[in-house]
Number of protein chains: 2
Amino acid sequence: MSTIRDVAKSAGVSAATVSRVLNNKGYVSEEKKEKIEKVIHDMGYEPNQIARGLAKKTSKTLALIVTDITNPFFPELAKGAEKAAYLNGYSFLLGNTKGMDNHNDDYVKLLKNKYIDGVIIASHDIDIEILKEQENTPMVVLEMDNDIENACTIKVDNYDGAMTATRHLVSIGCRKIAHIYGPQYDSTAKERLEGYKAVIRDTSGLSEILVPGDFTINGGAETVQNLLTQYPDIDGIFAGNDLMAIGVLKKLNQLKIKVPEDIAVCGFDGIFMTQVTNPELTTIEQPIYRMGELAAEKLIFRINHPFYGKESIELKTKLQIRESTRKVNRSDQKKSFSDGD
Amino acid sequence: MSTIRDVAKSAGVSAATVSRVLNNKGYVSEEKKEKIEKVIHDMGYEPNQIARGLAKKTSKTLALIVTDITNPFFPELAKGAEKAAYLNGYSFLLGNTKGMDNHNDDYVKLLKNKYIDGVIIASHDIDIEILKEQENTPMVVLEMDNDIENACTIKVDNYDGAMTATRHLVSIGCRKIAHIYGPQYDSTAKERLEGYKAVIRDTSGLSEILVPGDFTINGGAETVQNLLTQYPDIDGIFAGNDLMAIGVLKKLNQLKIKVPEDIAVCGFDGIFMTQVTNPELTTIEQPIYRMGELAAEKLIFRINHPFYGKESIELKTKLQIRESTRKVNRSDQKKSFSDGD
DNA sequence: CTGAAAGCGCTTACAG
DNA sequence: CTGAAAGCGCTTACAG
């Protein structure tokens, strides 16, 4: 590996001058500049990022902290983020918080010790208070309400999305629509719940049917039995996320309850798996990849514009209609299924 | 952020001595050592990795290069690797090769410019020849035959796994078993194909039914029509990986062909999605998470033992029997399904 | 056992 | 416009 000194020597200038052309900063005569660029090219010289980092307190690397990369929502996010970062000369450190015990603030320490230039937070396991202390670190927070001073928050209009989902179920003829809501420390779960409630409230003849879930496949599945016992005549389920909807689908399938004939099911997120289930799952699609991309772009912008202040971005969701909410003649079906009450 | 000098001053020693206790290297009197450790603790001092890196040509970070983190095989791998790395004080850089055009060797440059300590390769998109040149970089290669001098290769016994899959289909009564094989530049695809062939060859009454696939869901689905036209009486499909098996399942479902009653389906890999399909998919399970963990462990070992030489590790697969290969009375089924020949 | 000095490979005032 | 010098925060021979 050649160093800046090698380049300088070969070009007959000082290291400082080479550094100036490298950073495109300060005056360099056109003549020397060209000479230096040629030498750099010929030698295949690349600046050592570690040395540069030490001098500039910079690393050209970003961190992406997710709950669990194994949750299908995150890989797509990560890919979008990585792509955008990469195009701007940054690389990406990945951190999972789930199953890492109390080590979460170790990730925060890392930010300092490795001069991580900025961080994307997509995990509720990180303590907001700790985050707040890092006010000098450019930060973008995903899908999570927060009162951090100097961060960009990117989320989807969950309230609107949930309304769309619920209205869609109404529109295909569902009249007993249950909602499986996610953990309420998660603001997205909260907003989705509110969206559901709003539609129920504003539509005559409907009433709230609520059951708590934990945003996992198994959690969704476990919910079903409970739901059917209490409300044997439900004809639609709006799950707070796709994972739970997938669990619901599995369970209904085991119970020989037909989707969408007996019960229609709608999820939320738009993860890829929704196209793999049988029947395919109707869902409220978030632009996941785009969110990752945008997060990285906004982050890099903030790196270049420190203390930019608070910013909130809300993206639109899109109703993706699939087999699990195909319109069927519900009055017939309901009769044959619910004979209880 | 306090520096080593702050610690030294506060402990009344030189920076060199502090460095010695930090690195647990060289002699330090017990008395000073204790004093220094106390100061370090009290100040909450943490060594700056960038500075340390520049001095030691080290970064305490690893790179994981995958084809596409969006492929469900990789997140689990990444998680295992990250966990193991994390426990050893390393962090992880993630790189996707797919969709990155010719920029792949940029990843390799990164290794040098950021003093990446070691790299796990899980992508065929990286040129083996380029890899070979990096003989000084500790490296572990996953699921890929290679002749790199100084690397650890970790893979699964694909040949054996494919035999197990094929035999399993035979054991539930299948007699016309097709294999959708993956791209043959991929050594795992090759080995799986060989395993299939071996069983067909050694079992009387069976003959090879082969069709090429591309290891994707859509690719698997597209294969089906073709297969059914040529061999309307097949009663079992062994797909070269789970993704293709999932595609097959979707297509068969669309065609109202029953799994497992008409055709039994078996995949390979053991990705989580196989539990989400309907019916759930029988598969040859690889210990994916463990492979990631092991990869990181071996890599770190190599970082501490440079030029350790070539090493190959082969892990066992496990047949995971699920609904898609439930035993049914095939002679009946076949009749009702294939009326052509 | 310990400290002063040099060095890792850059960048950035400063002086000219 | 350019170079010498100092500095980023560590580590590691070297001398004592």
side-chain N/O T17(B) vs dT2(C) OP1/OP2, d < 4.0 Å = no
Pairing of DNA chain C as dot-bracket, 5' to 3': ( ) intra-strand, [ ] crossing, | other strand, . unpaired, with Watson-Crick or G-U pairs under 3.5 Å?
-> |||.||||||||.|||
Value in whole Å for how far the P atom of dT11(C) lies from NZ of K60(A) | 12 Å
Within residues 30-55 of chain A, find the residues that approach DNA chain D with a heavy atom at under 4.0 Å, and present them sorted by residue number.
-> K32(A), L54(A), A55(A)
Please determine, for the side chain of K56(A), which listed nucleotide (dT2(D), dT11(C), dA4(C)) has the closest atom?
-> dT11(C)
Heavy-atom count around Y308(A) OH within 6.0 Å, excluding the residue itself: above 12?
-> no
Would you call E46(B)-K112(A) a salt bridge at under 4.0 Å N-O?
-> no
Would you mind classifying the nucleic acid contact of S19(A) as base, sugar-phosphate or nothing, using non-hydrogen atoms under 4.0 angstrom?
-> base
Over-ring placement of K60(A) relative to Y90(A), 6.0 Å and 45° cut-offs | yes
Want to settle it: does Y115(B) or V13(B) sit nearer the 5' end of DNA chain C, counting the closest nucleotide to each?
-> V13(B)
Distance in angstrom units between N24(A) CG and dT12(C) P, rounded | 13 Å
Hey, mind stepping through T17(B) and I36(B) against side-chain contact (heavy atoms from CB on, under 4.5 Å) and telling me if it holds?
-> CA-CA 9 Å; T17(B) 304; I36(B) 290 169; 3.7 Å; yes
So does D127(B) pair up with K132(B), basic N to acidic O under 4.0 Å?
-> no
When we call it a touch if two heavy atoms are under 4.0 Å apart, what does S29(B) touch: a base, just sugar-phosphate, or nothing?
-> sugar-phosphate
Are the charged groups of E297(A) and R290(A) less than 4.0 angstrom apart, N to O?
-> yes
Give a yes or no on whether a salt bridge exists between K79(B) and E293(B), defined as a side-chain N under 4.0 angstrom from a carboxylate O.
-> no
Could you give the CG-to-P distance, from N23(B) to dC1(C), as a whole number of Å?
-> 17 Å
Charged N to carboxylate O below 4.0 Å: is that the case for K310(B) and E149(B)?
-> no
Parallel under 30°, tilted from 30 to 60°, perpendicular over 60°: which one fits the rings of H305(A) and F301(A)?
-> parallel
Do you see a donor-acceptor pair shorter than 3.5 Å between the side chains of T67(A) and D125(A)?
-> no
Taking the side chain of R20(A) as its heavy atoms from C-beta onward, which of dG9(D), dC1(C), dA4(D) lies nearest to it?
-> dA4(D)
Over how many whole Å does the gap from R5(A) atom CZ to dA6(C) atom C1' extend?
-> 12 Å
Between Y27(B) (OH) and dT12(D) (P), how many Å, whole number?
-> 16 Å
Starting at atom NZ of K57(A), determine the distance to atom C1' of dT12(C), rounded to an integer number of angstrom.
-> 13 Å
Roughly, in whole Å, what's the span from CD1 in I4(B) to C1' in dT12(D)?
-> 12 Å
Considering only dT2(C), dA13(C), dT11(D), which nucleotide approaches the side chain of L22(B) most closely?
-> dT11(D)
Does OP1 or OP2 of dT12(C) have a side-chain N or O of K25(A) closer than 4.0 Å?
-> yes
